[in-house]
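Working notes for the structure below.
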Amino acid sequence: MINTSTNLAGIKMKSPVITASGTFGFGREYGSFYDLSLLGGITVKGLTLKPREGNKAPRIAEASASILNSVGLQNPGIEVFLDEELPFLRQYDTAVIANIAGNTIDEYCEMAERLGSSVDGIELNISCPNVKEGGVAFGTKSQSVYEITKSVKRHSCVPLIVKLSPNVTDITEIAAAAQEAGADALSLINTLLGMAIDVHTQRPMLANNVGGLSGPAVKPVALRMVWQVCGAVKIPVIGMGGISTWEDAVEFILAGASSIAVGTASFIDPFAPVRITEGIVQYMEKYGYSCIDDFRGKLKVF
Amino acid sequence: MINTSTNLAGIKMKSPVITASGTFGFGREYGSFYDLSLLGGITVKGLTLKPREGNKAPRIAEASASILNSVGLQNPGIEVFLDEELPFLRQYDTAVIANIAGNTIDEYCEMAERLGSSVDGIELNISCPNVKEGGVAFGTKSQSVYEITKSVKRHSCVPLIVKLSPNVTDITEIAAAAQEAGADALSLINTLLGMAIDVHTQRPMLANNVGGLSGPAVKPVALRMVWQVCGAVKIPVIGMGGISTWEDAVEFILAGASSIAVGTASFIDPFAPVRITEGIVQYMEKYGYSCIDDFRGKLKVF
Amino acid sequence: MNCQKSIVISNKEICSGVFEMVIEDKCIAEKAAAGQFLHLKPVESNEVLLRRPISIHRLDREKALITLLYQLKGKGTVGLSKIAVNEYIDIIGPIGKGFPIESEKRCAIVGGGIGIAPLMQLTADLKAFGKPISCDAYLGFRSDVYKLEEFSMLCDKTHVATEDGSFGEKGYITDIFAGNLHKYDVIYTCGPKIMMSKIKELCSTKKLKCYVSLEEKMGCGVGACLVCVCKTKAGDGDSWHHSKVCCDGPVFDAEEVLLND
Amino acid sequence: MNCQKSIVISNKEICSGVFEMVIEDKCIAEKAAAGQFLHLKPVESNEVLLRRPISIHRLDREKALITLLYQLKGKGTVGLSKIAVNEYIDIIGPIGKGFPIESEKRCAIVGGGIGIAPLMQLTADLKAFGKPISCDAYLGFRSDVYKLEEFSMLCDKTHVATEDGSFGEKGYITDIFAGNLHKYDVIYTCGPKIMMSKIKELCSTKKLKCYVSLEEKMGCGVGACLVCVCKTKAGDGDSWHHSKVCCDGPVFDAEEVLLND
Ligand SMILES: Cc1cc2nc3c(=O)[nH]c(=O)nc-3n(C[C@H](O)[C@H](O)[C@H](O)COP(=O)(O)OP(=O)(O)OC[C@H]3O[C@@H](n4cnc5c(N)ncnc54)[C@H](O)[C@@H]3O)c2cc1C
Ligand SMILES: Cc1cc2nc3c(=O)[nH]c(=O)nc-3n(C[C@H](O)[C@H](O)[C@H](O)COP(=O)(O)OP(=O)(O)OC[C@H]3O[C@@H](n4cnc5c(N)ncnc54)[C@H](O)[C@@H]3O)c2cc1C
Ligand SMILES: Cc1cc2nc3c(=O)[nH]c(=O)nc-3n(C[C@H](O)[C@H](O)[C@H](O)COP(=O)(O)O)c2cc1C
Ligand SMILES: Cc1cc2nc3c(=O)[nH]c(=O)nc-3n(C[C@H](O)[C@H](O)[C@H](O)COP(=O)(O)O)c2cc1C
Ligand code: FES
Ligand code: FES
C-alpha cells in the first residue's frame, strides 16, 4: 500500500502536494475544476490585517518559461478571510495554511493571534518582493528573520512556517536563523526579483517596474536552495519554485523537501496539483516506495 | 548615419555587443562561422595563473529555457593564452578582454601584471560558482570585493571590469564597493547557482552537484540587477544574462547598460552576436537614434 | 468551469494578420454567451507559458461551433495561427460576465479594430431577440476592414470609418457615433482603451447605458491570481477597488469602471 | 564550420522508439565522414534550448543525402521525431574527428544498441576500400534488433546478440567478440560505456588497435564551451587532461582515453 501522507511539523496532510500562496486564491476557483479534498493542503493568498488593493495593473508579464507578477498583496483582509473564505475551505478535507504579511512585527503577531487555531498552519510571508513596507525587508537579514519569527511564534497556536526569499546571498544562514527562533517549518522559495521591458514603449512591462519571477525558469535555483537548506536545518521544508510536473516534485523531495507547493503551474493547467500527486504515486509504485520518507532526501550526491 | 561605437571606460568598441566569458573559448571556433571583427569585443574564457583541468563531466544539464554548467574554469593558463591564443585574436579588429580568476588576491594581481597592456581590458571574475577556492567567495561580500578590486587595480594598466555575482542580497551594495575601489566598469550577471536532479538515477545531473544557470530563463533577474546597478553607480556597465535576441539587448541598454554580452545564445545559434548587432542597428534606424547613448538608460519607469 | 482539449475545425487568415478559428465543442457552445472569452494554450511548450484570452466571436449552439477572431500580436497569437485543422487546442472556458441584453431598447455597438470580435455574437443575439430591440453597428479600423458583411447582415445599419480613409468615412468612428448619440438607449463597446473612454464620456453626458468590454493581461484567467485588475467604483465618492477583469468582467457597466488610471 | 537549415526528406520509425531521418544537404554530404556528427536544433522553441548531437549514420555523397539513426530518449529526440517531411532542420556540422581507416587490416566493428549508428557509414567506407580490408560486425541489442540486413550486406560476417535472447545469441556481444579477438587487427566500437570499456580491455590484452566513439553531454558542440570533456592521457604515467569530445573526438584511440572515471 502506498501512503503519501505527510506530517509537516504537526500539520497532517494526506499528500505532500500543497498549493502555493497567491496562486490559488482561497480555493473557490480551482474548486470548480476538482475536489479540493484531493490536495494535501491549500496555502491561501497572502493576508494582511486590513484589506489591500495591491499594485496597479499591468501586474503580470511573461518571460521565458516564467512569469513576473506584481500583485502586491491584494486581499480582503484577515476578517473577511475568517468570516467568508475559511468556512468555504473547511468544507474540504485538506489542510489550510494562512499566509500572512504585515507592515510591522506587531501586525504579524496580531494576525497570528486573530487566526488562533482556526487554520492548520501559519506561513509567515517575509519575502514578498512586491510591497514597499514589510514583506521582503524582513526576510533578507538573519537578525530580522530571527526577531520576527521569535515574536510571531509566541502568538501562534498552530505550526509556524517561515517562507524564505531567494534574493539573498546565503539562504542557509536565513534558514538557520528562522529555525533558531522557533520556526516549525520553512517554505521556499518565494519569487526572484525580476524585470522586463517593452522595447517599443520603452517602459517596464509591469506598472510596479519590477516583479516576482516564478514558473519553470526558477526551478534550478529553487531546487538548489531547498537542497542547501535541507542540509542545514532539521525542521521540515516545503519546497516550491517552478514545480509543474511530478518529476519536478520528486526532485524537490529527493533534495529533502517534506512537502512541495505548486504555484504558477496551476495557471497553465488547473489540474496540475492533482496530476503531480498522481505522478508521485506512480513513481512510488515503480520504485516500490511505501511512504514519502522512503525517498525523501535520498539524493546521491557526487 | 548610425554609429554603434561604444567607449567603455576607455575600451573602444565598434559595437556594444561582446561575447561572454566561457561561452566563446578564445574565439577560434566561432571565428570559423563569421569574421570576428564584426564583434565589439571578445571576453575570453576565464584564465588562471596555471593551467586548470576543471571539474568532472557531466558539466552541463538542460533546464527550462536555460542550462546549468559546471566547467570549473578549465583553461590552459595565462602563459599559453598570451603565447598562443592572444596572437590569433589580435588578427581581428575587435577588443579583447581577459577574464581572470585566482585563488588569492596575489594571484589576481600577478595575472593582471602578466597581462600588462596586451589586452584591451581585464575582467575580474570574482563570481564563478563552480570553483571551491576563490571565485564566488570574493564576490559576495562588499568588503572583499573592495579589497580585491583595489589591489588588482593597482596592478593593471588597462581598464578593470569587475564581474558581479547575482547570488547576493543587494547587488547595488557590491557594485558600489567595486566602484569605490576603483573599478573602471562592471559586468553582470555571472550565473545563478542552480541544480537539477535525475529522478531515476537519483543523482544530480552535474558531477559537481550544482552549477551555474544561464540562458533566457535568467534574463528577468539579470535585467533587474543591471537596472538597479546602473541607477546606483556612475561607471559603465556591461549587461548580460540570457540575451539571445536584439530585443533582449535593447532592454539591457534601455535599463542603462553601455555594452551587452552574449553567452549561452551562441551555443544555440553561432551567429547570435552578429544577428543581435544587426537588430540593434535596425532598432536605431526605426527610432532615429544615431548613437547608443541616444537610448541608453532611457527607460521610462512608472 | 471547464478545461479540455477541443478540436479545431478551421483556422485561416481572413485579412492581413487577422485570423478566424472555428472550434467544435459541445460543452463550450452550450454554456457560452456573447462577451465571454476562452483562455487558450496557444503552444504546448513552456516557452510560451501563459494562456491567452480570446473572446467568443460567434456561436453556433446547434452545430456546437465556436468561432474566434484574433489578430497576430506576439508569440501567443502566432502560435494560435499555426494550429492545424483537426488538431486539438487546450481551452479553459467559457469565462467571465458577458453582455447583458436589455429588452425593448435601441442599441448600438461600437467596435474598434479587433475589438469588434466579441460584438458579433452580441449583435446576433440582439437580432435573434427581434423587435422591439434594434441594433446599429459602428466599426472603426486603422486601414484594413473585415467582417463588415456579417455585421451588416445582423445590424439595422452599419457605419464604418478608417483612420486613413481607405474605406468608409475617414477618421475616428467615435466622431461618427457622436453625431447619432440621441438615437440609442444602450451602447456596447470594445476596442482601444482611448476609444472606450471617449464612448463612455459621450454616453454619460446623455445618461445612456454603456457596457465596455475590457482587456487586461491575465494569469489564471479564472479569478485566482488577481493579476488582471481594473479599478471599479466602491460606494460613493472617489473610492474604488480592484476588480478582476477575468471573472468580474470582461464586460462592465461603463459607469462602474475607472478607465483613465 | 557550417550552420544552416537543411531539408528533411524522410523521418520514420523503423522499430519501436528508433527513428531514421534522411536529410538532403550537399554541403554536409560533401564534407562529412564516418564517425562525425551533426549538432541539431530539434525544436525551435527555447523550451528545449540546447542542440542535440546525432551521428552520421549513412552518407550518399552523390545524392547529397545524410541518414541519421536515433533513439527516443527525451524532449530533444522526441522533438526530432516530430519534424515532418519537407520541413527544415537547423544543423551545425559535420563536426568532430571520425574513424581513421587503416589500410591492409582485418577490421571488426562492435556496436551496442543505438551505438551502431555511426558504425554503418564506417563499414560502408571499409567495404568501398575493398581488399585487403575486411570487416566483420558484432552487434548487441537489449531486445529489439534493427539494421541487421544493411550491416550484413556491408560486412563479411555479422554476429548478433540480444540480452534477452529474442534474436541471435543470448547474452552480451562482448562475449562473442572475445572469442574471435585473434582474427582482427583493428576494432571500432560505439555503445554503452561499459561495453566500450570491456572492448578496450580485450583489445589491449592483445595489443589490437581500438577506436571508441564517445558520448558526452554537449553545449556548443564546436569546442568553445568546454562542457563535453573526457579524460585523455597526457604524457607518461597517470597524468591526464580533459579533451573535448565534440572536436578532439568523438572518436578516440582507446589507448588514449580513460574510460573508467
Ligand atoms: C477578455 C479578453 C478578450 C480578448 N479577445 C480578443 C479577441 O477576440 N481577439 C484578439 O485578437 N485579441 C483578443 N484579446 C487580446 C489578446 O488576448 C492579446 O492580443 C493576446 O493575448 C496577445 O498575445 P501574444 O502572445 O500574441 O502577444 P504578446 O504581446 O507577446 O503577449 C505577451 C503577454 O501579454 C498579454 N497580452 C498582450 N496583449 C494583451 C491584451 N490586449 N489583452 C490581454 N493580454 C494581453 C498576453 O496574453 C501575454 O501574456 C482579448 C483580451 C482579453 C483580456
Ligand atoms: C557525438 C555523439 C553522437 C551521438 N549519436 C547519436 C545517434 O546517432 N543516435 C542517437 O540516438 N543518439 C546519439 N547520441 C546521443 C544523443 O545525443 C542523445 O540521446 C540525445 O541528445 C538525447 O536528447 P533528449 O533530449 O532526447 O534526451 P534527454 O535525456 O532529455 O536530454 C537531456 C540533455 O542531455 C543530453 N544527453 C542525453 N543523453 C545524451 C547522450 N547519450 N550523449 C550526449 N548528450 C546526451 C541531451 O543532449 C540534452 O542536452 C550521440 C551523442 C553524441 C555525444
Ligand atoms: C501571482 C502570484 C501571486 C503570489 N502571491 C503570493 C503571496 O501572496 N504570498 C506569498 O507568500 N507568495 C506569493 N507568491 C509566490 C508563490 O507562492 C511561490 O512562492 C512562487 O510563485 C514560486 O512558485 P511557482 O514557481 O510554482 O509559482 C505569488 C506568486 C504568484 C505567481
Ligand atoms: C559554459 C559556460 C562557461 C562560463 N565560463 C565563465 C568564465 O570562465 N568566466 C566568467 O566570468 N563567466 C563564465 N560564464 C558566465 C557567462 O560569461 C555569463 O556571465 C553567463 O552565462 C550569463 O550570460 P548568458 O545567459 O548569456 O549565458 C560561463 C557561462 C557558461 C554557460
Ligand atoms: S487572471 Fe487570474 S484573477 Fe484574473
Ligand atoms: S560541446 Fe562545447 S566544447 Fe564540446
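Letters A, B, ... are given to chains in the order of the sequence lines, protein chains preceding strands, and every chain is numbered from 1. Computed from a prediction, not measured in an experiment: that's the story for all the values here.
- At a cut-off of 3.5 Å, with distance as the only test, no side-chain donor of B:Gln282 or B:Glu278 sits close to an acceptor on the other residue.
- Looking at B:Thr140 and B:Ser165, their side chains never bring a donor and an acceptor atom within 3.5 Å of each other.
- Using a 4.5 Å heavy-atom cutoff, the side chains of A:Val262 and A:Val17 are in contact.
- Between A:Leu73 and A:Asn125, the closest side-chain pair of non-hydrogen atoms falls below 4.5 Å.
- A:Leu192 places a side-chain heavy atom less than 4.5 Å from the side chain of A:Asn167.
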Can you list, pair by pair, the side-chain donor-acceptor contacts under 3.5 Å of residues 218-226 of chain B, counting residues two or more places apart and other chains?
{"residue": "B:Lys219", "atom": "NZ", "partner": "B:Asp248", "partner atom": "OD1", "Å": "2.9"}
{"residue": "B:Lys219", "atom": "NZ", "partner": "B:Glu251", "partner atom": "OE2", "Å": "2.7"}
{"residue": "B:Arg224", "atom": "NE", "partner": "A:Leu193", "partner atom": "O", "Å": "2.9"}
{"residue": "B:Arg224", "atom": "NH1", "partner": "B:Gln228", "partner atom": "OE1", "Å": "3.0"}
{"residue": "B:Arg224", "atom": "NH2", "partner": "A:Leu193", "partner atom": "O", "Å": "3.1"}

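- Taking A:Pro216, A:Ala255, A:Gly242 one by one and counting their heavy-atom pairs under 4.5 Å with chain B, the maximum is reached by A:Pro216.
- Taking A:His200, A:Lys298, A:Glu247 one by one and counting their heavy-atom pairs under 4.5 Å with chain B, the maximum is reached by A:His200.
- With a 4.5 angstrom heavy-atom cutoff, B:Leu206 touches chain A only via backbone atoms.
- Using a 4.5 Å heavy-atom threshold, the side chains of A:Val162 and A:Ile126 count as touching.
- Contact tally against chain B (heavy-atom pairs below 4.5 Å) for A:Phe302, A:Phe295, A:Trp227: the top residue is A:Phe302.
- At a heavy-atom separation below 4.5 angstrom, chain A is approached by no residue within residues 268-277 of chain B.
- Every residue two or more places apart in sequence or in another chain was checked for a salt bridge (charged side-chain N to carboxylate O under 4.0 Å, His left out) with A:Lys163, and none qualifies.
- Within the 4.5 angstrom heavy-atom criterion, atoms from both the backbone and the side chain of A:Leu299 approach chain B.
- Under the salt bridge (charged side-chain N to carboxylate O under 4.0 Å, His left out) criterion, A:Arg296 pairs with A:Asp293, not counting sequence neighbours.
- Of the atoms belonging to B:Tyr287, it is side-chain heavy atoms, and not backbone ones, that fall under 4.5 Å from chain A.
- Of the options A:Glu173, A:Glu147, A:Glu180, a side-chain hydrogen bond (donor to acceptor under 3.5 Å, both in side chains) to A:Ser142 is made by A:Glu173 and by none of the others.
- Between chain A and the residues B:Ser66, B:Ala61, B:Ala207, the largest count of heavy-atom pairs under 4.5 Å involves B:Ala207.
- Note on B:Ala63, B:Ala196, B:Pro204, B:Ser64: by heavy-atom pairs under 4.5 Å with chain A, the leading option is B:Pro204.
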